[in-house]
2 protein chains.
Amino acid sequence: MEERRAGTLTFRLDLSQPLYEQILQQMRQAIAKGEIGLGEKIPSVREMAQSLRVNPNTVSHAYQELERDGLTETRRGQGTFITSSPEKVQRFREELARHMAREFVAGMRAYGFTWNDIARFLQEAQGRHVHE
Amino acid sequence: MEERRAGTLTFRLDLSQPLYEQILQQMRQAIAKGEIGLGEKIPSVREMAQSLRVNPNTVSHAYQELERDGLTETRRGQGTFITSSPEKVQRFREELARHMAREFVAGMRAYGFTWNDIARFLQEAQGRHVHE
DNA sequence: TTGAGTGTATCATATCACATAATACACTTG
DNA sequence: CAAGTGTATTATGTGATATGATACACTCAA
């Protein structure tokens, strides 16, 4: 429920999930939405840890996952930077979306829902948002 | 990866999730799909534990969640039975589907995907299944 | 060259969820 | 009464997570 700022980013952390997972996901979302520019430097592990009031190891864990995602590059002695390759971000977004969609459809089918059911509940869920 | 049988049911358990969660989900799915008849008795805690080669406490944990779902009724000294109310099963299915759809749409939007994106990836995911 | 700031690695410690094991209790039925 | 129900309790063990304290290799500006 509480907001914590780190540079231009804002984080919401709670106890429902591992901290490093929450940091990781919110960083992924910020990158995917272009809220951090390509090639931009993100706060250092120690800075981020202090801003979020979290242990540096926890931030480091999240940063290492980001690099495995291909979303960041770390330069020893310099810091961690968003990848300057739009293709890598795009690839991440597509793989993620495909994964989420597959999981959702498979999950619904495991409970016996047909494609028509799925479409119906999605329409209902969409109603809660502005159509873009 | 391994299949374990308990009465008419078949379970697949691994180490990727808590055991009680896997038992719970697969029971929910069996009930939602009508693979267990309304009012039917399900294996006792000890039976199920032996069939699945799992601790009775673990099975008990799953059974108690099932009752919280409104999917089963427990009669002390007799056993655990699927609810005989079709409405309760229907209600569970609807609430579950609504929840899954909302979570999915919200998750996709958190990464900046529009409704058109969502529809596109869903079509792609659907292609992996038979249209019913 | 030095010092401050990078990411990273390694200990130790603590907590929590999960699973198991062993018992025990209240209840129902044959 | 005996066997089979679900449930509760206590103890033990394990793994993931988080913290804290240090240390190391690297880069860059002063």
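Below, read A as the first sequence line, B as the second, and so on, with proteins coming before strands; counting in each chain starts at 1.
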Flag, side chain of A:Glu124 to backbone of B:Arg98, donor-acceptor distance under 3.5 Å = no

Does A:Ile31 reach the side chain of A:Leu38, with side-chain heavy atoms less than 4.5 Å apart?
-> no

Just compare C:dT6, D:dT7, D:dT19 and give me whichever is closest to any side-chain atom of A:Val54.
-> D:dT19

So, is B:Thr58 near the phosphate of C:dT20, with a side-chain N or O under 4.0 Å from OP1 or OP2?
-> yes

Interatomic distance, A:Glu65 CD vs D:dT17 C1' [rounded to whole Å] | 13 Å

Which part of the nucleic acid, if any, lies within contact of B:Glu21, taking any heavy atom under 4.0 Å across all strands shown: a base, the sugar-phosphate backbone alone, or nothing?
-> nothing

Of D:dT19, D:dG6, C:dG7, the nucleotide closest to the side chain of B:Ser44 is D:dG6

Contacts satisfying ring-ring contact (aromatic ring centres under 6.0 Å, His included) that involve residues 64-92 of chain B (not counting sequence neighbours) are none

Any side-chain heavy atom of B:Arg102 sitting closer than 4.5 Å to one from A:Phe121?
-> no

In terms of the nearest nucleotide of DNA chain C, which residue is placed more toward the 5' end: A:Tyr63 or B:Gln17?
-> A:Tyr63

Tell me: CZ of B:Arg53 to P of C:dT20, nearest whole Å?
-> 12 Å

Rounded to whole Å, CD of A:Gln64 lies from P of C:dG7 at a distance of 11 Å

Closest non-hydrogen atoms of A:Gln22 and A:Gln17, given as atom of the first, atom of the second and distance, are NE2-O, 2.8 Å

Using a 4.5 Å cut-off on heavy atoms from C-beta on, say whether the side chain of A:Asp69 contacts that of A:Lys88.
-> no

Can you give one letter per nucleotide of nucleotides 22-30 of chain D, going 5' to 3': B for a protein heavy atom under 4.0 Å from the base, S for sugar-phosphate only, - for none?
-> -B-BBSS--

Taking side chain as C-beta onward, heavy atoms only, is B:Met108 less than 4.5 Å from B:Trp115?
-> no

Protein-nucleotide distance (B:Gln50, atom CD; D:dG6, atom P), rounded to Å | 14 Å

All ring pair (Phe, Tyr, Trp, His ring centres under 6.0 Å) counterparts of A:Tyr111, not counting sequence neighbours | none

Over how many whole Å does the gap from B:Met48 atom CE to D:dG4 atom C1' extend?
-> 16 Å

Dot-bracket for DNA chain C, 5' to 3', counting Watson-Crick or G-U wobble pairs under 3.5 Å, with [ ] for crossing pairs and | for inter-strand pairs?
-> ||||||||||||||||||||||||||||||

In whole angstroms, how far is the P atom of C:dA9 from the NE2 atom of A:His61?
-> 12 Å

Of the listed nucleotides D:dT7, D:dT5, C:dT8, the one nearest the side chain of A:Thr74 | C:dT8

Please answer whether the main-chain N or O of A:Pro56 pairs with a side-chain N or O of A:Ser60 as donor and acceptor at a distance below 3.5 Å.
-> no

B:Lys41 NZ - D:dG4 P separation (whole Å) | 12 Å

Can you give me the N/O atom pairs linking the protein to nucleotides 13-16 of chain D at distances under 3.5 Å, or say none if there are none?
none

Within 6.0 angstrom of B:Gln50 CD, more than 12 heavy atoms from elsewhere = no

Residues at least two apart in sequence or cross-chain that pass ring pair (Phe, Tyr, Trp, His ring centres under 6.0 Å) with A:Phe104, listed by chain then number, are B:Phe104

Evaluate the side-chain proximity of A:Val105 to B:Gln126: yes if any heavy-atom separation is below 4.5 Å, no if none is.
-> no

Just how far, in rounded Å, is C1' of C:dT23 from CG of B:Asn55?
-> 12 Å

